[in-house]
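Quick note: residue numbers are just sequence positions, from 1. Quantities reported herein were computed from a predicted structural model and do not represent experimental measurements.
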Amino acid sequence: YRRHTHLSWIPKPPCHFIFGHYGLFQDYTVILEKLKDITIEYGGMTRIHLPPMKPGILVTDPGILRSLLMSEQALTKSRFYNFLKPLLGEGLLTIRGDRWKSHRRIINPSFGRISFLRNCITTFESKGDILIKKLREESNNSFINLLPMMKMYTMDVICETAMGLSSNYQKNHNYQYMRSVETIFKIALKRMRTLKRFDFIFKLTKDHQILTENLQVNDEFFTAIMKEKSNKYAHQTEEPAQLTFLDMLLQLFRQGSCITEKNIKDEVNTMILGVSDTSV
């Protein structure tokens with residue numbers, strides 16, 4: 001009762017007195033479209049209630065967002081991120097408080113250097129040439145699905161620039177790993193809006209089996225990465241002039257710092273989920 005009265009001044013769409021706003025989000029494929037419509041109608045701060053979770057606040061007002069994003073205290077993630085922990089573990093998206101600050105300090109130098117970003121341009125261009133060629137091959141079709149192409153392009157770029165790995169996802173049409181990440185993310189979205197949010201119920205469903213199978217694909221991908229990197233280090237006579245994101249994490253791991261192999265896996269998966277979710 002206190003939760004609702006405390007937030008009563010914030011506008012909200014009409015909702016069911018028991019089921020809250022579940023009716024608005026039955027089709028998870030159009031959730032972003034629904035949220036956009038809600039924002040247009042109710043303004044930059046809107047109340048959303050999906051029982052039995054606490055009421056949430058959808059914030060799109062630039063001023064409020066700026067205050068939140070610059071805050072040193074507002075670092076706790078919503079419960080939704082718990083559903084991504086089978087994939088992301090203790091990665092940057094899911095950890096909290098001081099541990100988040102510590103990981104952020106470690107990761108920031110990998111992407112903040114101008115010299116690193118300049119070195120990425122060649123990769124952007126070479127992988128972009130492959131993308132353009134594939135688009136030309138499809139130019140006579142009346143409909144082109146750009147999303148898979150953009151995801152494979154982005155995956156190629158991330159593997160080469162952030163992990164120092166040669167990849168040809170655009171040429172080889174190797175969708176298995178990307179599909180596994182997307183499937184795990186979709187299961188997390190479904191858990192958010194159904195009784196599958198409860199672990200004891202979720203473990204009885206087919207989605208739990210699907211999750212386990214896709215996590216296995218994820219483990220195999222990471223094992224292959226570590227094997228390739230180990231072989232590369234074994235034949236390396238001197239340190240590269242420019243360390244990638246993955247190279248830096250592996251260097252800290254070999255030096256016996258606070259970074260573990262599990263941390264590396266979690267941060268790699270966090271990055272790949274970002275690729276999958278924000279390609280376009």
- How many angstroms lie between atom CZ of Phe83 and atom CZ of Phe185, to the nearest 0.5 angstrom? 12.5 Å
- Query: Is the backbone N or O of Ile130 less than 3.5 Å from a side-chain atom of Tyr153, with the two atoms forming a donor-acceptor pair by type?
  - Reply: no
- Message: Evaluate Lys229 against Leu165 for side-chain contact (heavy atoms from CB on, under 4.5 Å), listing each step before the verdict.
- Response: CA-CA 8 Å; Lys229 278 294 183 181; Leu165 301 171; 3.9 Å; yes
- Task: Take Lys134 and Met152 through the side-chain contact (heavy atoms from CB on, under 4.5 Å) test and state the conclusion after the steps.
- Result: CA-CA 11 Å; Lys134 293 182 73 66; Met152 292 304 105; over 6 Å; no
- Message: Is there a side-chain contact (heavy atoms from CB on, under 4.5 Å) between Leu249 and Val268? Walk through the geometry before answering.
- Response: CA-CA 10 Å; Leu249 292 180; Val268 168; 5.6 Å; no
- Message: Tell me if a side-chain donor or acceptor on Ser71 pairs with a main-chain N or O of Ser67 at a distance below 3.5 Å.
- Response: no
- Message: Does Lys34, at its NZ atom, have more than 12 non-hydrogen atoms belonging to other residues, nucleotides or ligands within less than 6.0 Å?
- Response: no
- Between Leu250 and Met226, is any pair of side-chain heavy atoms under 4.5 Å apart? yes
- Query: Considering residues, nucleotides and ligands other than Lys262, do more than 12 of their heavy atoms fall under 6.0 Å from its NZ?
  - Reply: yes
- Query: Arg47 side chain to Ile10 main-chain N or O, any donor-acceptor pair under 3.5 Å?
  - Reply: yes
- Is it true that a side-chain atom of His21 and a backbone atom of Leu50 form a donor plus acceptor pair closer than 3.5 Å? no
- Can you check whether Thr260's main-chain N or O pairs, donor with acceptor, with Asn263's side chain at less than 3.5 Å? yes
- Taking all non-hydrogen atoms of both residues, which atom of Ile225 and which atom of Met163 are closest, and how far apart? CD1-SD, 4.1 Å
- Task: Please round to the nearest 0.5 Å and tell me the distance separating atom OG1 of Thr154 and atom CZ of Phe124.
- Result: 10.0 Å
- Rounded to the nearest 0.5 Å, what separation is found between the CD1 atom of Ile259 and the CD atom of Gln251? 12.0 Å
- Could Lys36 and Glu33 be called an ion pair, given the rule that one side-chain N must be under 4.0 Å from one carboxylate O? yes
- Message: Classify the ring geometry of Tyr177 against Phe221: parallel below 30°, tilted from 30° to 60°, perpendicular beyond 60°.
- Response: parallel
- Message: Could you go through Asp156 and Leu131, starting from their C-alpha distance and side-chain angles, then the distance that decides it, and tell me whether this counts as side-chain contact (heavy atoms from CB on, under 4.5 Å)?
- Response: CA-CA 10 Å; Asp156 272 347; Leu131 175 63; over 6 Å; no
- Message: In the structure I gave you, are the side-chain heavy atoms of Asn145 and Glu138 within less than 4.5 Å of one another anywhere?
- Response: no
- Under 3.5 Å donor-acceptor, Asn214 side chain and Ile184 backbone: no
- Query: Can you tell me how far the CG atom of Leu65 sits from the CE atom of Met70, to the nearest 0.5 Å?
  - Reply: 13.0 Å
- Note on the structure: So NZ of Lys12 and OG1 of Thr46: to nearest 0.5 Å the spacing works out to 12.0 Å
- Mind listing the closest non-hydrogen atom pair of Phe222 and Lys265 along with its distance? CE1-CA, 3.3 Å
- Task: Would you check if the side chain of Asn168 reaches a backbone N or O of Lys171 as a donor-acceptor pair within less than 3.5 Å?
- Result: no
- Message: For the CG atom of Leu7 and the CD1 atom of Ile57, what is their distance to the nearest 0.5 Å?
- Response: 5.0 Å
- Query: Distance-only, no hydrogens or angles: does the Thr94 side chain make a donor-acceptor pair with backbone N or O of Tyr81 under 3.5 Å?
  - Reply: no
- Query: Looking at Arg191, Lys190, Arg197, which one forms a salt bridge (Lys or Arg N to Asp or Glu O under 4.0 Å) with Asp207?
  - Reply: Lys190
- Query: Ser126 and Asp129: side-chain donor and acceptor closer than 3.5 Å?
  - Reply: no
- Query: Of the non-hydrogen atoms in Pro14 and Tyr42, which two are nearest, and what is the gap between them?
  - Reply: CD-OH, 3.2 Å
- Task: Mark yes or no for whether Asp266, through its side chain, and Glu90, through its backbone, hold a donor-acceptor pair below 3.5 Å.
- Result: yes
- Could you tell me whether the side chain of Asp247 and the main chain of Gly164 form a donor-acceptor pair under 3.5 Å? no
